[in-house]
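Data first, discussion second: the structure below is written as structure tokens.
Owing to the predicted nature of the structure, the values given are computational and were not obtained by experimental measurement. Order of listing sets the numbers, starting from 1, for every ligand and every atom in it.
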Amino acid sequence: MADGVVARLDRAKAAVAAAARRAGRNPGEVAVVAVTKTVPPEVVREAYEAGHRSFGESYVQEALGKIDRLPPDARWHMIGHLQSNKAKRAVELFASVESLDRESLARALEAAARARGALLEVLLQVHVGDEASKHGATFEGAEALARRAAEWPSLRLRGLMAIPPYREDPEAARADFRALRELRDHLHRLRLPGVEMAELSMGMSHDFEVAVEEGATRVRIGTAIFGERAP
Ligand SMILES: *Cc1c(COP(=O)(O)O)cnc(C)c1O
């Protein structure tokens, strides 16, 4: 690809800002998490050197090899399905676990964070759309988890994350993004102890503009920055 990573990162950020303005939002409210799965560390470093600090990985093992090779002020988000037996590793590596989807994982992360004396940001991953294969709590399950947040004082529950099913037309995801925002607002209104509900992590390369229009505070962009992943 003729265009470098830095140019594409800039373009993605400009598109995020434009979408925010279209929706009457402050572009500063929306952060870009650069999703680096399958991307080699030297390419991730190009984005880092250009000033970018937020990165997302889906697998603990793969993330390890990159986190080690980048300066410690890079901020890594776990965005993939996390097994409870990897909780300790995850707490060591990640600033945020966006894929908290069940109580057993919350308990494992709480124990690992407490043992480390850490406060770990988590987002609840919620299942939206109709694709049965995706992970995530149901809306009711997410509320039940949020209601228990005070039992996990080493976790800082700050919002929701979702991965709507891929659809050719990004407009088709709008209703899912809106539903996630409404759930976030609902949980926010409950004023649950230990719960902040500020963040909405939604939108990927093909639909992030719609997600931003619908209230995303965090978009997770891989392909549009780093190019197509090898299958
Ligand atoms: C891979 C991945 C992304 C980025 O997807 P792109 O379509 O490449 O932007 C975002 N979120 C999650 C959870 C992912 O696994």
Backbone N/O of Leu192 and side chain of Arg147: donor-acceptor pair under 3.5 Å:
no
Determine, step by step, whether Arg174 and Glu171 satisfy the salt bridge (charged side-chain N to carboxylate O under 4.0 Å, His left out) criterion, reporting the C-alpha distance in whole Å, the side-chain angles of both residues, the deciding distance to 0.1 Å, and the verdict.
CA-CA 5 Å; Arg174 188 179 292 278; Glu171 277 298 326; 2.8 Å; yes
Which atoms from ligand 1 have a heavy atom of Thr223 less than 4.0 Å away?
6 (P), 7 (O), 8 (O), 9 (O)
Working to the nearest 0.5 Å, report the span between CG of Leu9 and CD1 of Ile221.
8.5 Å
Checking side-chain hydrogen bond (donor to acceptor under 3.5 Å, both in side chains) between Ser201 and each of Gln125, Glu98, Arg218, which is the one that passes?
Glu98
Considering residues, nucleotides and ligands other than Gln61, do more than 12 of their heavy atoms fall under 6.0 Å from its CD?
no
May I ask you to check whether Gly222 has an N/O atom sitting below 3.5 Å from an N/O atom of ligand 1?
yes
With heavy atoms only and a cut-off of under 4.0 Å, state how Ser58 meets ligand 1: side chain, backbone, both or neither.
side chain
Between the candidates His206, Glu57, His77, Arg220, which shows the shortest non-hydrogen contact distance to atom 11 (N) of ligand 1?
Arg220
Region of Lys37 that comes within reach of ligand 1 [heavy atoms, distance under 4.0 Å]:
side chain
Option with minimal heavy-atom separation from atom 12 (C) of ligand 1, where the choices are Asp207, Ile221, Ile225, Ile79:
Ile79
Among all protein heavy atoms in this structure, tell me which lies nearest to atom 5 (O) of ligand 1, with the distance rounded to 0.1 Å.
Met204 CE, 3.4 Å
Give a yes or no on whether a salt bridge exists between Glu213 and Arg25, defined as a side-chain N under 4.0 angstrom from a carboxylate O.
no
Do Ser205 and ligand 1 have an N or O pair less than 3.5 Å apart?
yes
